[in-house]
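To start, the structure under review is shown below, and the notes come after it.
Residue numbering restarts at 1 for every chain, and letters A, B, ... go by the order of the sequence lines.
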Amino acid sequence: MARSKSISIIILLVVIALFILSWVIKATTFESDPDRISLWFSVRDAFFITMAAFLTLAIFSFLYKDNPYYKFAEHLFVGISAAYWMCVGFWSTLVGNLVPNISETLSTFFKVPYKGFHFTYFVPLILGIILLMRLSSKHGWISRWALAWIVGTTAGLNLIRYLRTDFISQVSNTFVPLLVDWKGVGPFFSDFSLSSTGQFAMTLSNWVIFIGVFCGLIYFFFSKEHKGIFGTASRVGIWVLMITFGASFGYTVMGRVSLLVGRLTYLFKDWLGLIS
Amino acid sequence: MKLKTLIVLMIMLLMSYVPAMAQGDPDVINPEDTTVAEVITPAPATNLSASDTPNDHGHSIDLSWDLSVDDGAGMNNVIGYMVYRATSMDGPFESRSGLLLKTTDYIDAGAINEYENGYMPDHTDYYYKIRALTADTAVYSDSEIFGPIQSYGQWFNWERLAVLLMVAGFLFLTVFFINKAKKGADLFVRRLAGIEAVDEAIGRATEMGKPILYVLGLGTAADIATIASYTILGRVAKKVAEYQTGLIVPCYDPIVMTVAQETVKTAYLDAGRPDAYNEDMVYFVTNQQFAYVAGVNGVMLRERPATNLYMGKFYAESLILAETGTVAGSIQISGTDEISQIPFFVVACDYALIGEELYAASAYLGKEPLLLGSLKAQDYAKAGVIFLAIIGFLSLMFGYDGITDFFHVR
Amino acid sequence: MKKQVPLTITFIVGVVLVLSVFFPPVETLGEDFSLFFDIIAVFAFFLGGGNLIRVHTDRISKKKKDWGFSMITIGGFLIMLAAGLFKLWNPGDISADVAATGSLFQLMYDWMFNPLGATMYSLLAFYVASASYRAFRAKNRDATILLVAAFVILLGRTPLGMYATEWIPESFSLLQIPNLAIWIMTSPNLAGQRAIMIGIALGVVSMSLRLILGVERTHLGTDNE
Amino acid sequence: MSSIGLIISFLFIGLGLIWLLILAIKGREVDRRLIFVFIGIAVSVPLLFKISFSEKATPIVRDVFYKIENLPEGSKVLLSYDYGPSMAPEVEPMSNAFVRHALTKNHKVYFMCLWATGQSLVATAIDSIVKKEFPDKVNGIDYVNIGFKAGGTGVLNVIITDFRKMYLTNVDGVNLDSVPIFNGIKSLRDMDLLVSIGGGFPGVKEWVLFAGAPGNIPTAGGCAAVSAPLLYPYYPRQLLGLLGGIKGAAEYESELKDVYPDRFADMPTPGIAMMGPQTLAHLVVMAFIVIGNIAFFVTRKKKV
C-alpha cells in the first residue's frame, strides 16, 4: 500500500516536471515568433499549449483505467463547461434577445440596439423567474407552471412538426413505382443485368424499400401479437432493421477515426512539432 | 353570309398572326441591330399580373410576368429584372427586389408589424411594374403598370388542410380507443423485452447492494423522448424506493433536472418512503455533451452501478457510455429515438428499445387503459400508412399522381 | 389544485400552438414561443449552476470521496464564469463578442474546453473497435445479418473493397463492393430508417396528444405534499 | 518516407493481428487495452509517415461541387457552421473547401452558425482562409459573418421569414442595414444556396426541414459520417448533395484540385491526408471482427 502510494507520488512528480519542461521549451521557441510581442504572450501561450496537451493525454489515460489525472481533467471540464453555457446564454440570449425588447436603459448599458418595448417578452421573463422559485422550498411548487408551459410548447410544436416533416414526407417518399421504366432504358425487362445503375437494380431498390418499410412498420405494431403471417412480416422487419443498424455502424467508423486523427495531429504537430 | 363572315375572320386571324411571326422569328432581325444591341432599349416584360398571396397573414403580394423577348433570345441584352412598386399610378416607384435572373415570379413581402423596418400595410392600393435591365444601367424598359392591388390576410391556410385532417383523424382515433379502454375493453400490448428486463435488473442491483444509474440523455425539456423517459424514471424510482436500492440520476439539462427531481420525489412518496428521498439523487452535471459524458463515466467506474439505464435522446456519447458501462460490468438497458445512435445501443447494450418502443414503454409500464388506448390509435395510424402506400404505388403504376401530390404539404 | 393549473396551462398552450399553424394571423406564434423557450432555458442555466455549486460544496464540506477534485470543478466554474460575465482580458468594450480573440474566455475555451471535448469525443475511435470485437459475433440470425451488413460497408469504405471486386464486369457492377455498400445504404438502410422515422413521428404525435390531453402526467409530480 | 512507414505499419499491425489470432484460436480472453493499442498504432503511424491514397468523387459529392461551380458569379451562398471544435477535424476540411470554392467563383458568402461553438470556427476560417488567401475580398461586400443566435430550429423558423428579426447586427456590431451585402436581403429565401456543415443537432437535417424544404431553397450539406445515413433519405429531392464524413471532404478536395489545378496547387488537403489513417484503421477493425468471430466459434465448440 505504502509502495503504491510512493509510486504514484513519483509519477506525479515526473508529470509535473515534464509539464514544466514542455512549458519552458515552448516558451523559448515562441520568443522568436513575431506574433507574440512580449515575454508575457510567449509564456502565456506556451502554458496553454502544454495545458491542452496535458489534458488530452489525461483523457486518453482513461482508456487504461480510471486515475487521478483523468479525474482532474473530468472535474475541470465539468466546471468550465457549465460556466461556458451560462455566459454564452447570458450574452447571446438575455442581452441579445430579451434586453432589447424590454428595457431601453439596459439596452444602452449593454450597448445593444433597442427594439422598442414588447410586453410579450415578459412571458419568458416571468416564467424564467417562476422557474427559479424552485430554489425556495416553500414556493417551489409554482415552478410547475413554468414546466407546464414548457411541456405544452413542446407538445404543440412537436405534434405538428413531426406530422408535417418526418411523417408526411417519409410516407410520400415511399410512394415509388415498383416497376421501373428507367429513363431511356426502355420498358421493364428490356435490360436485365445486375449493373448498379441498371433498371433491375432500380426496381430491386424500390421493392426492397417498399417491403422494408412495410415489414418495419409491422414490427412496430404494439397492440397485436406477432404470430402467423404477421409474425413473419415482423421478423423480416427486424432483419431490415438489423441491416440498417449494421450499415450505420460500419459507416460511422470513419468519422470516429477522423476525430482521433485530429487529436493526434494536435499532439504530434502543435505540441511536439514532429510533423509539419 | 356565312362565307363572308368566314373570310373576314380569316383575314383578321392572318393579320394578327403576321406581326407575331415577324417578332418570333429571329431570322427577321437585322444583323446590324445586334451589333449595337447594348444601347438599344430591350422589349419589356409582358403580362404582368399580381394577386394577394394566398394562405398567409397578409402583407405580401404574388407577382408573375412573362420574360422579355430579348431575354436569352432576340437581342439577348436583358440581364435581369427588378420589381418596382408605388402607392399610386404615377409613382414614385421604389424597387422591391434584387436583380432577378430569368425569373417570372416574385413574392413581394414586407414586414408585418408597424414598428418594423419595411412595414407593408394591408388593404392599401399598390401598383407594380417590372423593369427589364440591360448591362448598361441607363438602358432598361418597364412593363405596363399593374394595379391597383391590395394585400390582405386569410383566416385559414388551405395548403395545410391535409395536416389538419390528419391531426383530427389521429385525435379521433386516440379519444375513441381511450374511451373504449375506459369502458373496460381488454387491450393487448406486445412484450417489450427491454422493459421487462428493467424489473429484473433492479432486483439484481438490490441483491448486489449496488445503485442504479439512470441517464436521461442529452435531450432538453423540448424533446418528447425526454418526456417519455420521465415516465420510465418514475416507474424505476418507485421500484427502487420499494427495494431500497440506490439511485443516481446525473442530468444534462437544468430544466430536465427539475422535472426529474419532481418525478423521483413523487415516486418515493407513492412507494411510501418519502424519508428515503434525497435531493442529491438527481443532480446537474453540465450542459456540454462530452463534459457530461466525462462526468457520467467517472460515476460508472467509481460507484460501479449494477444497472445502467439510458433512456432519452442520445448523440455521439452513446457508445462511450455503453462501453464504459461494459467495463464496469453493469447490465445495460437503453432506449432512444435518435436514429443514428440506435445501432450503437443495439450492439453494445444488453437490451435496447428501438425508436418508437421508447414511447410505447411508458404506456406498457403503466398498463393504464388510457395509455394503451393511445397505443392502439398509433397502430391504426400505421395500418393507414401501409394502406396509403399500397394505394400510392398502385396509382403510380397507372400513372396517376394525385395521391402523391396530396402528401406534398408545405 | 396544484395539479389542475399546470394541466390547464399545458392544454391551452398546446392547443393554441397546434391551431396556430393553420391560421395565418397567428402563424408566427410558434416562432415567438421558440424564442421564449430559449430565454427560459437561460434562466434554467442559473438553476443548473446553482445545483452544481451546491453538490460540490456539499462534497467538500462533508469530505466525501474525491472531494479535492470538487474544488477543481468549483474553481474552473468560477474562473470561467468571471471570465465570461465580466469579459476579462477582452480587448473590446461591453458590446464586444464574449469570445473575442485574446479574451480569457476565448483562451480557456480554445485551450481547455475545446481539447477536452475533442479528446473525449475521439475516445470513440477506440470504443468503436472494442465494441466491434466484442459484439459483432454471429450468435444468431439477427446478429449475423447485422455483422454482414457492417462488414460490407466497412469494406466499401476502403480501397480494399474496390481492388477485391474490380474484376466483376459492368453488367454485374451491383456486386462490386463499393456499389453494394452504396446500395445497402440507399435501399435496405433507407427502408429501415424510414420505418423507424414514421414510427417515431407517430409516437411523438401520440405522446404530444397524451400530454396535451393530460393523460400523461408523471412529469408534473404529485398533489400531496 | 511514406513507403517505409507503410512497411513498418503493415508489419507491426500484421504480426500483431496474427498473434491476436493465435490467442483467439487458443480461446484466450483478449484484453480490450490491446485492441486500443492497435487502433492507436493504425492511426498514428500513417499520420507520422504521411501515407495517403487517391480519391475519386462520387455522384453525391459531385452534385454539391457542380452546384457551386455552375451558379452564376455573385450568387448568394450561405454557409452555416453547425458544429463545435470536437467535430471540427471531421467537417472542417469541408467548410474550408466550400469557402475556397465559393470565393474563387466570386460568390457572396454569408457565414453564420447555429452552434455557439461554431463562432470561433467561423472567425478562424475568415482569418486563416478568407483574409490570407483572398486578400481582395472585402468584409461586408463579398462576405459577412452574422454569427450565432441561440435557439437552433427556432432561429431557422424566424430567419426564413426575416433575418432582421433575429439578427440586428453582424458580429462586428454593424447594423445589418448598413452592411452592403445585406442590401435587398430579407430572409433565407433570398439565398441561392444554403450549405450547412455539421453533424449534430441542429444541423443539416434541420436546415432541410426548417429552411430548405419549406422555403424551396436549394440546400446542400456536409456532415459527420455518423449522421450521413440519416440524411440519405432527403437526397436528391430536398437535399441536392451531401459530403459524408472525411471521405466526402477528401472527394471534394480532389475534385477542387482537378478542376483548378493551378489555383489550388498548394492547397492543404487535410481530407485526403486523413484518409491514410482511415484506411488502416478500417482494416484493423475488420480484422478484429474476423478474429472476434473465430474466437467466438472456437470457444463455442469447446463448450459443446
Does any heavy atom of chain A fall under 4.5 Å from the side chain of [X], the backbone, both, or neither of them?
{"X": "C:Leu146", "answer": "both"}
{"X": "C:Val128", "answer": "both"}
{"X": "C:Ile196", "answer": "both"}
{"X": "C:Phe11", "answer": "neither"}
{"X": "C:Phe86", "answer": "neither"}
{"X": "C:Leu47", "answer": "both"}
{"X": "C:Val205", "answer": "both"}
{"X": "C:Leu35", "answer": "side chain"}
{"X": "C:Arg54", "answer": "neither"}
{"X": "C:Phe151", "answer": "neither"}
{"X": "C:Ile74", "answer": "neither"}
{"X": "C:Leu116", "answer": "both"}

More than 12 heavy atoms from other groups under 6.0 Å of CE on A:Met51:
yes

Contact class of [X] relative to chain C, heavy atoms under 4.5 angstrom:
{"X": "A:Leu63", "result": "side chain"}
{"X": "A:Trp239", "result": "both"}
{"X": "A:Thr120", "result": "both"}
{"X": "A:Arg44", "result": "side chain"}
{"X": "A:Phe90", "result": "both"}
{"X": "A:Phe222", "result": "neither"}
{"X": "A:Ile238", "result": "side chain"}
{"X": "A:Val123", "result": "side chain"}
{"X": "A:Leu131", "result": "both"}

Looking at every heavy atom in both [X] and [Y], which two are closest together, and how far apart are they?
{"X": "A:Ala247", "Y": "C:Ile184", "value": "CB-CG2, 3.9 Å"}
{"X": "C:Met108", "Y": "C:Gly76", "value": "CE-O, 4.5 Å"}
{"X": "C:Ala191", "Y": "A:Gly212", "value": "CB-CA, 3.7 Å"}
{"X": "A:Ile59", "Y": "A:Ala73", "value": "CD1-CB, 4.0 Å"}
{"X": "A:Gly156", "Y": "C:Leu17", "value": "CA-CB, 4.1 Å"}
{"X": "C:Phe77", "Y": "C:Gly49", "value": "CZ-CA, 4.0 Å"}

Distance (rounded to the nearest 0.5 Å) between A:Cys87 SG and C:Phe105 CZ
4.5 Å

Just wondering, do C:Tyr127 and C:Ser130 contact through their side chains at under 4.5 Å, heavy atoms?
yes

What I'd like to find out is whether the side chain of A:Leu127 reaches to under 4.5 Å of the side chain of C:Ile39, using heavy atoms alone.
no

Who among [options] has the most heavy-atom pairs with chain C under 4.5 Å?
{"options": "A:Trp85, A:Trp149, A:Phe220", "value": "A:Trp149"}
{"options": "A:Tyr219, A:Phe47, A:Phe249, A:Phe109", "value": "A:Phe249"}
{"options": "A:Gly89, A:Gly128, A:Gly216", "value": "A:Gly128"}
{"options": "A:Val261, A:Leu94, A:Val88, A:Val78", "value": "A:Leu94"}
{"options": "A:Ile160, A:Leu217, A:Val112, A:Leu147", "value": "A:Ile160"}
{"options": "A:Val151, A:Val240, A:Leu241", "value": "A:Val151"}

Top contributor to chain A interface from [options] [non-hydrogen pairs under 4.5 Å]:
{"options": "C:Arg141, C:His56, C:Lys87", "value": "C:Lys87"}
{"options": "C:Leu123, C:Val148, C:Asp38, C:Leu52", "value": "C:Leu123"}
{"options": "C:Phe33, C:Phe43, C:Phe37, C:Phe136", "value": "C:Phe43"}
{"options": "C:Leu85, C:Leu209, C:Asp32", "value": "C:Leu85"}
{"options": "C:Ile212, C:Thr144, C:Ile40", "value": "C:Ile40"}
{"options": "C:Ile12, C:Leu29, C:Leu81", "value": "C:Leu81"}

Under a plain distance cut-off of 3.5 Å, with no hydrogens placed, do [Y] and [X] share a side-chain donor-acceptor pair?
{"X": "A:Arg263", "Y": "C:Thr119", "answer": "yes"}
{"X": "A:His75", "Y": "C:Thr73", "answer": "no"}
{"X": "A:Ser61", "Y": "A:Asn67", "answer": "yes"}

Once you measure the plane-to-plane angle for [X] and [Y], does it fall in the parallel (<30°), tilted (30-60°) or perpendicular (>60°) bin?
{"X": "C:Tyr109", "Y": "A:Tyr84", "result": "parallel"}
{"X": "A:Phe60", "Y": "C:Phe126", "result": "perpendicular"}
{"X": "A:Tyr69", "Y": "A:Phe54", "result": "perpendicular"}
{"X": "A:Phe214", "Y": "A:Phe210", "result": "parallel"}

Can you tell me if A:Lys26 uses its side chain to pair, donor with acceptor, with the backbone of A:Trp271 under 3.5 Å?
yes

Would A:Phe48 and C:Asp110 satisfy side chain to side chain contact (heavy atoms under 4.5 Å, CB included), going step by step from the backbone distance to the final call?
CA-CA 9 Å; A:Phe48 277 120; C:Asp110 278 3; over 6 Å; no

